[in-house]
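The sequence lines fix the lettering, A, B, ..., with proteins before strands; numbering per chain opens at 1.
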2 protein chains.
Amino acid sequence: MDSTELPADSLMRVAVDLVILTVVDGVLHVALVTRGIAPFRGRPALPGGFVRADEDLAQAAQRELAEETGIELGSGHLEQLASYGAVGRDPRGRVVSVAHLALIPAERLRGGGDARTADWCPVDAVLADAGRLAFDHARVLADGLERAASKIEYTSVAASLCPPEFTVGQLREVYQAVWRRPVDPRNFHRKVTSAEDFLVPVPGGRSHGAGRPAQLYRVGPATLLRPPMDRQTIN
Amino acid sequence: MDSTELPADSLMRVAVDLVILTVVDGVLHVALVTRGIAPFRGRPALPGGFVRADEDLAQAAQRELAEETGIELGSGHLEQLASYGAVGRDPRGRVVSVAHLALIPAERLRGGGDARTADWCPVDAVLADAGRLAFDHARVLADGLERAASKIEYTSVAASLCPPEFTVGQLREVYQAVWRRPVDPRNFHRKVTSAEDFLVPVPGGRSHGAGRPAQLYRVGPATLLRPPMDRQTIN
DNA sequence: CCAATAGTGTCTTTCAGACACTATATA
DNA sequence: TATATAGTGTCTGAAAGACACTATTGG
């Protein structure tokens, strides 16, 4: 492995940062850590860390996700978001961060408080004070939220924010939380249940709680929703 | 700039690779270089190079685009695509590549032949022998093509593949080339001309050539096409 | 019973697919 | 005149928005 012919000034540190989203009681939350070391000590930041020499980008993201949330990604969704490499974004030196987006069910959260684990913060509150976020994480978070909102328009990844078996009402709550707008229950029901292979009913599965019990579903083999839902237009 | 506390094994080389697309005579072309040095010497590859210490990712991509095609990106479109960081993707050592997608008008091409410049290759021919591409560039190219095809569904970036003033027919040729399928001229015309602020007619601007002269348009202020076109369903 | 949520049905509007037809240039 | 491309109009079917109505639970 001779790399003498490679330019030395392209040697940089490569990190992964994670936008980890979940929905708790109809409210979108993002996982944040409080930085214990400089720079930005004491400020909220996205979970993340440096990529190791023996792992690829997705592995590094999965490792950080497990370390900060305890999630092993059995259910849940993880995808690459974008890379951020402005020259001065980290005062310690040149760091290129490959941001990832994770969508995980609320039921699998483990309690925060531990310094190593992330805290779940309502996205509205975080955005109201986005200037406190370390590095360029306000931008990364904004990009992650936009990606999540657009991706549930045409895919079934919203189910990654639900438990393995869920009702149409729970799925609708996820859409409303991510889109920050109400969705008509009846039209939503018609849309998602009539889409081919999008949801598969669990035989005999019924929800409990207030109101009429609902059919339980699992996510179906169709990962794409066609035609898509349009969050701008939708009632 | 003290980085002693940073882990040494996250030091990697960071590069940009470019998927540069254009449409010549209704056929989609991609810019490829022939590698003059090992590894993959003599094999076709996407244009690219290492990021310098004093430039960010977008600047590096623009610089490489200018060096390989002579395009200064007055018109044209450049966006980040994705990052590729598998451990063994470059035999010389650990290299993380941040791929970008560029869409440029055919009229601004400059002749190849020069060793420093890229050659324009029909995408069909390249895909038919994608295994010859260096590194993981077959995958990067596939991702770039998919991104281009999906992005013209809901944005006006297809106009970046046309000259500044163009006819509806030219724009339709671009869609057909990127989607690899025919599009009904009449329905397409109705769709793009009735979309608010998508195209703005050039007063008195008329095309010449075979058939009835067509109105010339410039791309309008609306960057989004709503509702989008669906390349799966479209006639 | 009432409140709450699940689920069905229906009317209307919008818009895409298909395609006839007209308009205006070049060969 | 023949041919090619531009552009308009019209019919039909799919699907979304709006919303009435029924179904089935818990309190």
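Remark: B:R63 engages B:E55, B:E67 in a salt bridge (charged side-chain N to carboxylate O under 4.0 Å, His left out) (not counting sequence neighbours). Residues meeting the salt bridge (charged side-chain N to carboxylate O under 4.0 Å, His left out) test with A:E79, sequence neighbours left out: A:R147, A:K151.
At whole-Å resolution of the value, CZ in B:F188 and P in D:dT8 are 14 Å apart. Regarding B:E196, its CD atom lies at a distance of 12 Å from the P atom of C:dC15, rounded to whole Å. One atom, CD of B:Q215, and another, P of C:dA23, lie 18 Å apart when rounded to the nearest Å.
In terms of phosphate contacts, B:H189 brings no side-chain nitrogen or oxygen within less than 4.0 Å of OP1 or OP2 of D:dA6.
Summarising the geometry of A:V98 relative to A:S83, their closest heavy-atom pair is CG2-OG, 3.6 Å, with the distance given to 0.1 Å. Across every non-hydrogen atom of A:A102 and A:L78, the tightest pair is CB-CD1, 3.9 Å. Nearest approach of B:F198 to B:S156, heavy atoms of both residues: CE1-CB, 3.4 Å.
Aromatic rings from B:Y175 and B:F188 are positioned such that their centres are separated by under 6.0 Å.
Within the structure, salt bridge (Lys or Arg N to Asp or Glu O under 4.0 Å) contacts touching residues 156-177 of chain A (residues at least two apart or in different chains) are A:E165-A:R218.
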- Going 5' to 3' along nucleotides 14-22 of chain D, which nucleotides have protein heavy atoms under 4.0 Å from the base (write B), which only from the sugar-phosphate (write S), and which from neither (write -)? --BBBBB--
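If you check residues 165-173 of chain B against DNA chain D, the residues with a heavy atom closer than 4.0 Å are B:G169, B:R172, listed by number.
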With a cut-off of 3.5 Å and sequence neighbours excluded, list every side-chain donor-acceptor pair involving residues 201-212 of chain B.
{"from": "B:R206", "atom 1": "NH1", "to": "B:P213", "atom 2": "O", "distance (Å)": "3.0"}
{"from": "B:S207", "atom 1": "OG", "to": "B:A214", "atom 2": "N", "distance (Å)": "2.9"}

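Of the candidate nucleotides C:dG7, C:dT24, D:dT25, C:dG7 has the atom nearest to the side chain of A:R206.
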